[in-house]
Colleague: 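Please see the structure below; I have some questions.
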Amino acid sequence: MSELLKVEALKVYYRLPQGVVRAVDEVSFSLERGEVLGIAGESGSGKSTLAMALAGLLRPPAVIESGRIIFDGLDLTKLGEGEWRKLRGRRIAVIFQDPGTYLNPVYTSGFQVAEVYEAHRGGRASRYVELVKDLYRKVKMADPERRVHSYPHQMSGGMKQRVLISMAIAEKPDLIIADEPTSALDVTIQAEIVELLKELKSETGSSIIFITHDLALLLEIADRIMIMYAGKMAELGRSSEIRDNPLHPYTRGLLSVLKPERKQKLASIPGSIPSLIDPPKGCRFHPRCPMAMPECSRVEPRTVKVNGRTVSCLLYEG
Ligand SMILES: Nc1ncnc2c1ncn2[C@@H]1O[C@H](COP(=O)(O)OP(=O)(O)OP(=O)(O)O)[C@@H](O)[C@H]1O
Ligand code: SF4
Ligand SMILES: [Mg+2]
């Protein structure tokens, strides 16, 4: 495998009148071609902010404060909107949680998928109807012939998510970023969509960044998992290692609250995620950490490698 993406010491801040929200604070990781990287962490840990940065979708008050995002040799933090328009959809595609908000109510679903082809290949969207029907078959849309002519309000949540997935895979992108793509759907549809993404991945060879609260799901589908806490990377490692031998106390907490029947909600670790305007000094997890030591409230952990794993916790330093 070769490296597709390298994120280096990325900082993304929201500059608000009441202070600076350090939503992504020195996060580094890489992604191989064809790899599925899962990102998990409680609400407010910076997952979506990271996804938006990777897709060039940050808008003020969000700013990339520093760091680099190297995608196939190109630093994405330096791209202008014109260059992003060529890249987004064609080489980097995004699937969001709530498909309804990304579809235009006044156009048919098929037309909106065809627009992806139009944007990158030219010609009129109507030329691409047959290709869109093929895509709908690929994403297992029921009755593709009819659904290309349906408007978003005539479709269920699951169907709309299949429309967004069709848009995402149309140009066989190198990278698909899926930010909670199933959380708005009911459980059976969720499972179908996840199954579909797995199948499509082996067909398109795309790398996938899959963001979710559902750590149990990531343990099933991701090659590696990154755990985020309060804007920081807590731990990154192969899924099997994270499952069998979590190193970071936060990862251990997340795993311990997973219920066998996969009714997991990460929020059941005692305490709550801190404000990212004025996060705790030292290790941001120290107020909730069962293993906290006196220095944890003073010294900020560095990110260190432990047996091929990356972890940010003073227990593993020196
Ligand atoms: N538009 C915004 N303006 C100001 N602050 C924001 C904005 N969007 C997010 N934040 C803040 O940035 C931090 C990270 O939020 P983000 O949405 O990236 O987290 P998340 O991990 O995706 O959470 P969730 O699981 O709820 O989707 C939070 O403190 C949040 O309040
Ligand atoms: S650095 Fe200290 S507080 Fe932070 S996770 Fe490690 S042991 Fe817990
Ligand atoms: Mg989010």
Side-chain angles (χ1 to χ4, degrees), residues 10-25 27 38-55 57-65 94-98 101 177-184 209-215 217-218 225-235 246-256 264-267 269-304 306 309-318:
L10 185 68
K11 294 189 180 186
V12 185
Y13 291 177
Y14 294 93
R15 296 196 164 274
L16 307 180
Q18 56 277 33
V20 176
V21 181
R22 293 188 265 159
V24 174
D25 206 1
V27 168
I39 304 182
E42 281 160 298
S43 191
S45 54
K47 305 180 299 295
S48 295
T49 306
L50 176 60
M52 300 292 266
L54 297 178
L57 293 171
L58 292 173
R59 298 291 174 263
V63 282
I64 294 187
E65 189 68 19
V94 199
I95 308 169
F96 292 105
Q97 173 170 4
D98 185 2
T101 49
I177 302 167
D179 188 358
E180 312 250 9
T182 60
S183 10
I209 294 183
F210 196 105
I211 297 174
T212 175
H213 290 88
D214 187 341
L215 183 55
L217 172 64
L218 289 189
I225 296 178
M226 174 160 99
I227 306 290
M228 286 188 75
Y229 184 77
K232 297 273 186 190
M233 176 171 74
E235 180 165 5
L247 296 178
H248 197 285
Y250 181 58
T251 316
R252 290 185 191 160
L254 294 183
L255 284 161
S256 72
Q264 61 300 308
K265 277 274 172 275
L266 300 185
I269 298 180
S272 58
I273 205 157
S275 150
L276 298 183
I277 291 186
D278 188 18
K281 299 269 175 300
C283 172
R284 291 185 181 182
F285 188 53
H286 85 259
R288 297 170 73 188
C289 181
M291 311 203 39
M293 309 169 283
E295 61 265 40
C296 296
S297 55
R298 285 184 287 108
V299 183
E300 189 171 325
R302 286 182 294 121
T303 301
V304 293
V306 182
R309 202 94 58 90
T310 311
V311 62
S312 314
C313 167
L314 294 175
L315 291 170
Y316 303 95
E317 282 188 29

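Start at 1 and go down the list; that is how both ligands and their atoms are numbered.
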Colleague: Within the structure provided, determine whether Met291 and Phe285 are in side-chain contact (heavy-atom separation under 4.5 Å).
Modeller: no

Colleague: Mind listing the N or O contacts between ligand 1 and protein, cut-off under 3.5 Å?
Modeller:
from, atom 1, to, atom 2, distance (Å)
ligand 1, 8 (N), Tyr14, OH, 3.3
ligand 1, 18 (O), Thr49, N, 2.9
ligand 1, 18 (O), Thr49, OG1, 2.5
ligand 1, 19 (O), Gly46, N, 3.2
ligand 1, 21 (O), Ser45, N, 3.2
ligand 1, 21 (O), Ser45, OG, 3.4
ligand 1, 21 (O), Gly46, N, 3.1
ligand 1, 21 (O), Lys47, N, 3.0
ligand 1, 21 (O), Lys47, NZ, 2.8
ligand 1, 22 (O), Ser48, N, 2.9
ligand 1, 22 (O), Ser48, OG, 2.8
ligand 1, 23 (O), Gly44, N, 2.8
ligand 1, 25 (O), Lys47, NZ, 2.8
ligand 1, 25 (O), His213, NE2, 3.0
ligand 1, 26 (O), Ser43, OG, 2.4

Colleague: Is the shortest distance from a Lys or Arg side-chain nitrogen in Glu42 or Lys47 to a carboxylate oxygen in the other one below 4.0 Å?
Modeller: no

Colleague: Is there a side-chain contact between Leu315 and Met293 in this structure, where contact means two heavy atoms from C-beta onward sitting under 4.5 Å apart?
Modeller: yes

Colleague: Does a side-chain heavy-atom distance below 4.5 Å link Leu215 with Ile227?
Modeller: yes

Colleague: Step by step, work out the side chain to side chain contact (heavy atoms under 4.5 Å, CB included) result for Glu235 and Met226.
Modeller: CA-CA 6 Å; Glu235 180 165 5; Met226 174 160 99; over 6 Å; no

Colleague: Using a strict 4.0 Å threshold on nitrogen-to-oxygen distance, state whether Glu300 and Lys232 make a salt bridge.
Modeller: yes

Colleague: I'd like to know whether Val12 forms a side chain to side chain contact (heavy atoms under 4.5 Å, CB included) with Val63, so could you lay out the CA-CA distance, the side-chain angles of the two residues, the decisive distance to 0.1 Å, and finally the verdict.
Modeller: CA-CA 6 Å; Val12 185; Val63 282; over 6 Å; no

Colleague: Among Val27, Ile64, Asp25, find the residue that satisfies the side chain to side chain contact (heavy atoms under 4.5 Å, CB included) test when tested with Lys11.
Modeller: Asp25

Colleague: In the structure I gave you, are the side-chain heavy atoms of Phe210 and Ile39 within less than 4.5 Å of one another anywhere?
Modeller: no

Colleague: Show which atoms of ligand 2 fall inside a sub-4.0 Å distance from at least one heavy-atom site of His248.
Modeller: 5 (S)

Colleague: Just to be careful: counting only protein atoms that are N, O or S, how many fall under 2.8 Å of atom 2 (Fe) of ligand 2?
Modeller: 1

Colleague: Dump the intermediate steps for side chain to side chain donor-acceptor pair (under 3.5 Å) on Thr49 and Tyr14, then the final yes or no.
Modeller: CA-CA 10 Å; Thr49 306; Tyr14 294 93; 2.9 Å; yes

